[in-house]
Engineer: 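The structure that follows is given in the form of structure tokens.
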Amino acid sequence: MTERELVISKIREGTVIDHINAGKALLVLKILGIDEKTRETVSLAMNVPSRKMGKKDIVKVEGLFISEEKLNKIALIAPNATINLVREYRIEKKFKVKPPEVVRGILKCPNRMCISNAREPVESIFYISLKGNEVVAKCHYCGRKISDLAKFII
Amino acid sequence: MRHLISIEDLNKDDIIRILNKSEEFEDVALGKRRSRILEGKILANLFFEPSTRTRMSFETAMKKLGGEVINVSAQEASSIAKGETLADTIKVVSNYCDAIVIRHPLEGAARFASEHSRVPVINAGDGAGQHPTQTLLDLYTIKKEIGRIDGLKIALVGDLKYSRTIHSLIKALTLFETKIYLVSPPVLELPKEFLEELGGDIEKAELDQIVGDVDVIYVTRIQKERFLDEEEYRKVTGSYKITLETVKKMKESAIILHPLPRVDEIAVEVDYTKQAKYFKQAFYGVPVRMAILTEVML
């Protein structure tokens with residue numbers, strides 16, 4: 001039995017998000033819109049020892065196949081995350097998250113003078129790009145660039 | 001072109017087309033030829049911040065082309081702003097006119113307005129953000145006064161850190177084959193991150209080293225508020241001031257530009273030299289805005 005399986009048991013069907021940067025699992029749930037109203041069984045492990053990453057977080061959502069589009073948003077804060085879609089205890093599909101080109105309503109612009117922070121019917125829009133290994137986002141409205149995106153999740 | 005929000009929305013061909021069109025309107029701006037090309041059209045000037053020059057030059061441009069202008073003063077605009085959202089204001093005003101010119105204190109306000117407007121929106125400055133019509137008139141001045149933009153050496157002098165005019169102008173200049181010199185006190189240097197994004201031939205320089213070699217010196221105001229103490233401010237501004245001595249070292253054919261208003265970064269005596277083109281530059285705002293108005297409305 002591996003160390004990981006000691007922490008959380010295998011799931012029969014659903015989505016497993018592995019290799020999340022340590023400490024970011026709660027934000028991952030937030031991005032996926034998983035909160036107290038969720039009916040599925042959600043298990044979460046933080047600071048699990050990992051050979052590749054030192055420490056990592058893992059999230060398992062039973063009975064729910066989260067869309068690839070939604071899962072890719074995780075790349076904003078956990079660019080190394082891998083997704084396993086599990087059916088009958090077997091991995092049906094495995095992929096690494098890819099940052100989306102545009103995200104809406106997920107990041108908050110830190111520029112206080114940006115129209116997206118005004119009392120207006122406005123949803124934040126950011127354009128995502130990769131600068132080396134780092135995920136960078138640029139505000140559609142004021143052009144402000146941000147990195148370390150975990151700080152800016154709404 | 002539907003809206004004009006940022007100079008980055010334009011490519012080199014768009015810019016050249018607008019500059020050529022501006023040239024066609026110059027005799028109308030000078031009163032030598034009449035045009036009614038925008039007759040029956042109404043422009044709404046929506047200025048949420050005071051501005052004399054930009055608002056007046058848009059108004060002049062529109063009227064000289066036979067169009068009408070409705071104005072909302074800064075005071076009226078700010079009381080509107082208290083009562084309703086910008087989105088609602090734009091939805092209402094865009095029913096009354098054929099185009100909107102907007103100046104607003106918040107960055108991105110013009111882009112946001114364009115998303116709620118049924119008519120074209122022209123950005124006349126959104127906080128520290130964009131002011132594309134200024135950039136187009138700067139480029140037009142260079143083209144008119146020197147005959148070309150490609151192949152020129154251009155020094156940008158003063159506040160390169162905060163000046164939106166400078167930021168837009170650099171982006172546009174890098175679309176052309178220009179050599180750009182950045183001349184500023186260390187505290188007001190062009191932000192590193194901004195510089196990294198730019199392509200083109202750009203280097204830092206001292207004014208003394210390049211003054212005899214450049215074709216254009218573009219001067220901006222250094223604001224007192226950017227400095228911790230007045231002594232430091234005085235020391236810094238002194239070394240970036242354009243005087244008759246500076247002009248003597250310049251090429252005969254070189255020009256001095258400034259977006260205005262100036263404080264004391266260009267000595268008044270310089271106004272009478274043939275290199276001084278900043279008042280001409282203010283005039284060129286009219287034909288350039290005529291070109292922009294026809295571009296979005298026709």
Side-chain angles (χ1 to χ4, degrees), chain A residues 21 30-31 69-70 72-73 75-80 98-154, chain B residues 3 5-9 46 48-49 77-78 80-92 102-117 121 123 125-132 135 161-164 166-168 170-172 190-198:
Chain A
N21 300 34
K30 200 170 174 186
I31 289 176
E69 193 194 335
K70 213 169 186 184
N72 277 334
K73 291 178 187 166
L76 299 179
I77 55 156
N80 299 315
K98 262 199 317 243
E101 284 174 18
V102 185
V103 290
R104 293 169 184 268
I106 287 186
L107 296 167
K108 182 179 163 64
C109 183
N111 178 2
R112 281 192 306 129
M113 294 304 284
C114 176
I115 190 80
S116 68
N117 290 319
R119 192 183 53 83
E120 293 287 342
V122 63
E123 187 178 44
S124 84
I125 302 173
F126 278 83
Y127 302 106
I128 309 298
S129 59
L130 281 171
K131 195 175 160 189
N133 238 350
E134 196 177 29
V135 186
V136 181
K138 184 177 178 183
C139 176
H140 165 69
Y141 289 105
C142 74
R144 178 71 67 95
K145 279 192 169 172
I146 51 174
S147 50
D148 195 3
L149 303 184
K151 282 190 206 154
F152 304 103
I153 302 288
I154 290 173
Chain B
H3 304 287
I5 306 300
S6 160
I7 198 74
E8 287 172 83
D9 299 341
L46 213 54
F48 291 86
E49 263 187 345
S78 71
I80 294 172
K82 277 175 210 150
E84 69 178 359
T85 61
L86 177 63
D88 283 4
T89 305
I90 295 293
K91 278 180 197 151
V92 172
I102 183 172
R103 171 168 289 190
H104 196 279
L106 295 180
E107 290 168 50
R111 172 100 44 216
F112 178 71
S114 74
E115 291 164 358
H116 291 274
S117 174
V121 171
N123 187 3
D126 54 349
Q130 297 280 334
H131 192 3
T135 305
K161 186 171 181 183
Y162 299 100
S163 165
R164 66 178 171 203
I166 290 286
H167 295 179
S168 291
I170 296 183
K171 280 184 180 157
L190 194 70
K192 212 184 239 168
E193 169 197 78
F194 186 92
L195 191 59
E196 278 170 9
E197 261 183 53
L198 296 167

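Side-chain atoms are counted along with the backbone in the values below, which use heavy atoms only and exclude waters and symmetry mates. Here is how names work: the chains are called A, B, and so on, in the same order as the sequence lines, proteins then strands, and each is numbered from 1.
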Engineer: Just by modelled atom types, is the A/L107 backbone N or O under 3.5 Å from a matching donor or acceptor in the A/S124 side chain?
Structural biologist: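 Side chain of A/S124 to backbone of A/L107, a donor-acceptor pair under 3.5 Å: yes, one is there.
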Engineer: Given the options A/C114, A/P121, A/C139, which has more heavy-atom pairs under 4.5 Å with chain B than any of the others?
Structural biologist: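 Of A/C114, A/P121, A/C139, A/P121 has the most heavy-atom pairs under 4.5 Å with chain B.
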Engineer: Under a 4.5 Å heavy-atom cut-off, does chain B meet the side chain of A/N117, its backbone, both or neither?
Structural biologist: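 When you check distances to chain B, no heavy atom of A/N117 falls under 4.5 Å.
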Engineer: Taking all atoms of both residues into account, what is the closest heavy-atom pair of B/R111 and A/Y141, and its distance?
Structural biologist: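 In this case the closest contact between B/R111 and A/Y141 is CG-CD2, 3.9 Å.
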Engineer: Identify which part of B/E8 has an atom lying under 4.5 Å from any heavy atom of chain A, answering side chain, backbone, both or neither.
Structural biologist: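 For B/E8, side-chain heavy atoms alone lie under 4.5 Å from chain A.
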Engineer: Ignoring hydrogens and angles, tell me if any N or O in the side chain of B/N123 forms a donor-acceptor pair with the backbone of B/P132 under 3.5 Å.
Structural biologist: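 Not a single qualifying donor-acceptor pair exists.
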Engineer: Which residue, B/I5, B/D126, B/L86, forms the side-chain contact (heavy atoms from CB on, under 4.5 Å) with B/I102?
Structural biologist: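 For B/I102, the side-chain contact (heavy atoms from CB on, under 4.5 Å) check succeeds only for B/L86.
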Engineer: Can you tell me which of B/G108, B/G127, B/A110, B/A109 forms the most heavy-atom pairs within a distance under 4.5 Å of chain A?
Structural biologist: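 So the answer, after comparing B/G108, B/G127, B/A110, B/A109, is B/G108.
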